[in-house]
Amino acid sequence: MQKKRIGLLGGSFDPVHIGHLIMANEAYQSLGLDEVRFMPNGAPPHKSLSGQATIMQRVEMVELAIANIPYFKMEYAEVHRKNKAYTYDTIMEIKENEPGHEWFFIIGGDMMDTLASWYRINDLKKHVQFIGFHRPGITPADDTDVRVIEGPSIHLSSTFIRDRIKSGQNCKFLLPSSVEAYISKEGLYES
């Protein structure tokens, strides 16, 4: 088996938006990755979900968002977990199923500040290279184990998207059109 350089972008994707896609694309290009996998989590340990989209709806939105990008793939390792999905456990499972590849874990600037509190973070750093992106207004803690990539600065969050939809505003240019249509069809985030 040929060794691949694979990026993982975990998240709740509640919903997935263009900021996620730009971050994944910047990592793909900057690091010369073979692919980037979007990994929706069912029960994230560091974050509360909105409760307005099911895990399968979040998965479907990601599938729609990456459908026409050949180097973007899905990683379903955390989708069906009932309990909190710790990244360390997921990475160990993925590496056992697909040995011999080089793994990169892509995180936003906001996550860089909390990295030290992640479950078994020092062990995890032995198995993945963390790739961080600065987010405007956030100064990441010094961490020599995180490779920081410069890219377009986009201050966009899923919370912002949900708030816009709730207030009746459109999300043109903030969401892939397929995801915006899906949210409208499913009536997500309207209340």
Side-chain angles (χ1 to χ4, degrees), residues 1-17 19-49 53-108 110-112 114-133 143-149 151 158 176 178-179 182:
M1 179 189 301
Q2 182 182 355
K3 180 177 181 178
K4 290 183 179 179
R5 293 166 56 85
I6 302 173
L8 290 168
L9 178 59
S12 56
F13 303 116
D14 191 16
V16 64
H17 54 70
H20 297 122
L21 299 174
I22 290 170
M23 207 163 71
N25 194 58
E26 290 301 313
Y28 172 78
Q29 293 198 60
S30 296
L31 301 170
L33 300 177
D34 293 295
E35 64 186 56
V36 176
R37 295 183 190 173
F38 286 69
M39 185 170 70
N41 45 32
H46 292 90
K47 195 172 190 178
S48 297
L49 297 170
T54 67
I55 179 62
M56 293 318 296
Q57 288 172 319
R58 292 187 286 120
V59 166
E60 288 173 3
M61 286 189 278
V62 175
E63 289 172 338
L64 288 168
I66 68 171
N68 297 316
I69 305 162
Y71 50 87
F72 284 174
K73 312 282 184 194
M74 288 292 292
E75 173 58 61
Y76 298 95
E78 294 188 347
V79 169
H80 300 294
R81 289 207 178 141
K82 301 276 188 232
N83 299 320
K84 290 188 176 190
Y86 290 103
T87 303
Y88 175 82
D89 296 333
T90 303
I91 295 299
M92 292 301 98
E93 178 186 317
I94 291 172
K95 288 187 77 171
E96 184 177 324
N97 293 334
E98 299 179 68
H101 299 313
E102 191 173 358
W103 298 92
F104 300 84
F105 200 89
I106 304 162
I107 58 175
D110 55 335
M111 297 303 287
M112 287 172 30
T114 65
L115 202 56
S117 67
W118 285 28
Y119 175 69
R120 297 187 67 172
I121 185 61
N122 290 328
D123 293 329
L124 182 57
K125 287 177 179 177
K126 296 173 186 170
H127 297 280
V128 297
Q129 168 67 60
F130 277 94
I131 306 301
F133 283 82
D143 191 331
T144 56
D145 294 328
V146 177
R147 182 174 171 182
V148 177
I149 292 180
S158 295
S178 58
V179 174
Y182 180 90

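Rounding to the nearest 0.5 angstrom, the gap separating the CD atom in Q2 from the CG atom in D34 is 6.5 Å. In this structure, the separation between CD1 on I94 and CG on D89 is 11.0 Å, given to the nearest 0.5 Å. The CE atom of M92 lies 7.0 Å from the CG atom of L124; values are rounded to the nearest 0.5 Å. In this structure, the separation between CD on E78 and NZ on K84 is 13.0 Å, given to the nearest 0.5 Å. Atom OG1 in T87 sits 8.0 Å away from atom CG in N41 (nearest 0.5 Å). To the nearest 0.5 Å, atoms CG (L9) and CD1 (I131) are separated by 12.0 Å.
In this structure, E26 has no side-chain hydrogen bond (donor to acceptor under 3.5 Å, both in side chains) partners at least two apart in sequence or on a different chain. Take E60 and apply the salt bridge (charged side-chain N to carboxylate O under 4.0 Å, His left out) test, not counting sequence neighbours, and it matches no residue. A search for ring pair (Phe, Tyr, Trp, His ring centres under 6.0 Å) contacts involving Y71 returns Y28, not counting sequence neighbours. For R120, the side-chain contact (heavy atoms from CB on, under 4.5 Å) criterion is met by Y88, D123, not counting sequence neighbours. Residues satisfying the ring pair (Phe, Tyr, Trp, His ring centres under 6.0 Å) test with F130, not counting sequence neighbours, are F105, W118. With sequence neighbours excluded, the residues that form a side-chain contact (heavy atoms from CB on, under 4.5 Å) with Q29 are N25. Among residues two or more places apart in sequence or in another chain, the side-chain contact (heavy atoms from CB on, under 4.5 Å) test is passed with K73 by E35, R37. Under the rule for a salt bridge (charged side-chain N to carboxylate O under 4.0 Å, His left out), the partners of E93 that lie at least two apart in sequence or sit in another chain are R81. Residues meeting the side-chain contact (heavy atoms from CB on, under 4.5 Å) test with M61, sequence neighbours left out: P15, V16, A53, R58, V179, Y182, I183, L188, Y189.
For the pair W103/I91, no side-chain contact is recorded, criterion being any heavy-atom separation below 4.5 Å from C-beta on.
For F38 and H20, the ring centers are positioned 6.0 Å apart or more.
In terms of heavy-atom proximity, V36 sits nearest to I106 at CG1-CD1, 4.0 Å.
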